[in-house]
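Report on the structure given below.
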Amino acid sequence: FFAKQVITNACATQAILSVLLNSEKVELGEELSNFKGFTKEFDSETKGLAISNSDLVRTAHNSFAPPDPFMSDNKRVATKDDDLYHFIAYVPV
């Protein structure tokens with residue numbers, strides 16, 4: 001399973017899904033098994049779109065996001081003092 005990340009701030013969710021959906025030793029459960037089967041023949045971009053449109057994935061992702069009631073429309077460039085994180089996953093092949 002490989003999905004292109006098509007939405008921002010979802011790299012940890014993508015990494016976890018890559019580990020889970022590529023592991024033969026993990027019991028996925030019904031919903032993730034159905035998702036994996038549904039996206040099996042998709043190319044990587046379409047898999048990314050399927051992730052971004054999945055209510056199951058969105059709900060799980062948002063349950064770990066800190067609440068932020070005030071979203072600014074102003075964009076800024078990160079500075080050396082900002083904490084920036086990116087998550088990746090390694091899976092056996």
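- Residue pairs that meet the ring pair (Phe, Tyr, Trp, His ring centres under 6.0 Å) test with at least one member in residues 13-38, sequence neighbours left out, are F38-F42.
- Residue pairs satisfying the side-chain hydrogen bond (donor to acceptor under 3.5 Å, both in side chains) criterion with at least one member in residues 41-50, sequence neighbours excluded, are listed as follows: D43-T46.
- Taking each heavy atom of N22 and F1 in turn, the nearest pair found is OD1-N, 2.5 Å.
- Hydrophobic cluster membership of V6, counting Ile, Leu, Val, Met, Phe, Trp and Tyr whose side-chain heavy atoms lie under 4.5 Å apart directly or via other members: I7, L49.
- Not counting sequence neighbours, the partners of A12 by the side chain to side chain contact (heavy atoms under 4.5 Å, CB included) test are F87.
- The side-chain hydrogen bond (donor to acceptor under 3.5 Å, both in side chains) test applied to T13 returns H61, not counting sequence neighbours.
- Take F2 and apply the ring pair (Phe, Tyr, Trp, His ring centres under 6.0 Å) test, not counting sequence neighbours, and it matches no residue.
- Judged as a salt bridge (Lys or Arg N to Asp or Glu O under 4.0 Å), not a single pair has a partner in residues 9-23 (not counting sequence neighbours).
- Using modelled atom types, no side-chain atom of S54 and backbone atom of A50 make a donor-acceptor pair closer than 3.5 Å.
- The shortest non-hydrogen separation linking L32 to L21 is O-CD2, 4.2 Å.
- The two residues A3 and G48 have their closest heavy-atom pair at CB-N, 3.8 Å.
- For residues 25-37, the set of pairs meeting the side-chain hydrogen bond (donor to acceptor under 3.5 Å, both in side chains) definition, not counting sequence neighbours, is empty.
- Under the 3.5 Å distance criterion, the side-chain polar atoms of S63 are matched with a main-chain donor or acceptor of A60.
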